Amino acid sequence: MSSAPLSPVFDRLLAHFGPLHWWPAESPFEVVIGAILTQNTAWTNVEKAIANLRREEALTPEALRAAPREQLEAWIRPAGFFRQKAERLQLFVDYLFDHHDGDLGRLLAAPLPEARRELLALKGVGPETADSILLYAGGLPSFVVDAYTRRLFGRLGLLDPTAPYESIRTFFMERLPADPDLFNEYHALIVEQCKQLCRKRRPRCADCPLQELCPFANSQH
DNA sequence: GCCCAGGTGGGTA
DNA sequence: TACCCACATGGG
């Protein structure tokens, strides 16, 4: 891992896209649902599933717990892996009621390392899902590493994209102040940048806000 | 028709 | 630790 210019990358992305104020959800619990539904899934498909849940007024821990499994599967079907994800959602809310009186805020009121351990112990909640929940539902300074993060910073030559999750998360957290607003914007900007510029059909380098930092500028990127 | 998407868990060497 | 596979829908 390089000892990297993370601030210049952030500054350029912020200047280009402006503040994004993530996560696209109307409540902390909706963040949890989105974080589970988006596992290895395009966000456009997640939106369809969440729209179904909203229509059914099922975007609360109480409603998800009460819903018959097959009903829930049908609602979230557009997000793919619907049997797995229905189970994961209901395991999550079952845990929430068994241990926190159904109150997500109570789970997320614990110190960050403790809340993270608790989330990671849940079946269906891996490191990326846990960090997304901690940061975007809890406002806790836990940096989110996803496929976009690996792709972008791998291309910039700042990290090994195949490195383990925890080592990449540590790379960012050792080099950035533990500021939830910073982590929020940084990850959102990474996603926005990649959605626009890291696709298979690459746009022209001239349009890229990271052009000056990119080792592939004017060649393949 | 084929490839891929904001992962995770379970299994094997 | 490092691979492998299942899990499923919808858009390019």
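In what follows, chains are A, B, ... by sequence order, proteins preceding strands, each numbered from 1. The structure presented is a predicted model; accordingly, all values stated were derived computationally and were not measured.
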Between OH of Tyr165(A) and P of dA2(C) the distance, given in whole Å, is 18 Å
Next item on the list: Check every strand shown and say whether Lys123(A) touches a base, only sugar-phosphate, or nothing at a heavy-atom separation below 4.0 Å.
Entry: sugar-phosphate
In whole angstroms, the gap separating C1' of dT9(C) from CD of Gln39(A) amounts to 15 Å
Taken to the nearest whole Å, CD/Gln84(A) to P/dT9(C) is 12 Å
Heavy atoms of Trp23(A) and Ala35(A) approach each other most closely as CZ2-N, 3.7 Å
Touch class at under 4.0 angstrom, heavy-atom based, for Ala147(A) against every strand present:
sugar-phosphate
Glu166(A) CD to dT8(B) C1', in whole Å, measures 14 Å
P-based separation of dA8(C) from dG10(B) [nearest Å] | 15 Å
By the Watson-Crick or G-U definition, both distances under 3.5 Å, dA6(C) is matched with dT8(B)
d(Ile133(A) CD1, Ile36(A) CD1) to nearest 0.5 Å is 5.5 Å
Item to complete: Answer with base, sugar-phosphate or nothing: what part of the nucleic acid does Val125(A) contact at a heavy-atom distance below 4.0 Å?
Response: sugar-phosphate
Checking N1-N3 plus N6-O4 or O6-N4 for Watson-Crick, or N1-O2 and O6-N3 for wobble, each under 3.5 Å, the partner of dG12(C) is dC2(B)
- Donor on one side chain, acceptor on other, Ser7(A) and Arg175(A), under 3.5 Å: no
Separation of dG7(B) atom P from Arg169(A) atom CZ, nearest Å, is 17 Å
On DNA chain C, more 5' by nearest nucleotide between Arg83(A) and Lys48(A) is Arg83(A)
CD of Glu212(A): more than 12 outside heavy atoms within 6.0 angstrom?
-> no
Picking from dT8(B), dG7(B), dG10(C), the nucleotide nearest the side-chain atoms of Phe81(A) would be dG7(B)
Check: Is the phosphate of dA5(B), meaning OP1 or OP2, less than 4.0 Å from a side-chain N or O of Thr38(A)?
Finding: no
Looking only at dT9(C), dG9(B), dG7(B), the nucleotide nearest the Phe82(A) side chain is dT9(C)
In whole angstroms, the gap separating C1' of dA5(B) from CG of Asp146(A) amounts to 11 Å
Review point. With sugar-phosphate meaning primed atoms plus P, OP1 and OP2, does Glu128(A) contact a base, only sugar-phosphate, or nothing at under 4.0 Å between heavy atoms?
Key: sugar-phosphate
Per nearest nucleotide of DNA chain B, the residue lying toward the 5' end, Asn45(A) or Ala130(A), is Asn45(A)
Worksheet item: Hey, would you say the Phe171(A) and Phe153(A) ring centroids sit under 6.0 Å apart?
Response: no
Rounded to whole Å, the CZ-C1' distance (Arg88(A) to dA8(C)) equals 12 Å
Review point. Distance only, no hydrogens: is a donor on one side chain within 3.5 Å (strictly under) of an acceptor on the other, for His100(A) and Glu118(A)?
Key: yes
Testing dA5(B), dG7(B), dT9(C) for proximity to the side chain of Pro78(A), the answer is dT9(C)
Base, sugar-phosphate or nothing for Leu37(A)? Non-hydrogen atoms, less than 4.0 Å.
nothing
note: Ile76(A), atom CD1; dG10(C), atom C1'; distance rounded to Å ~ 15 Å
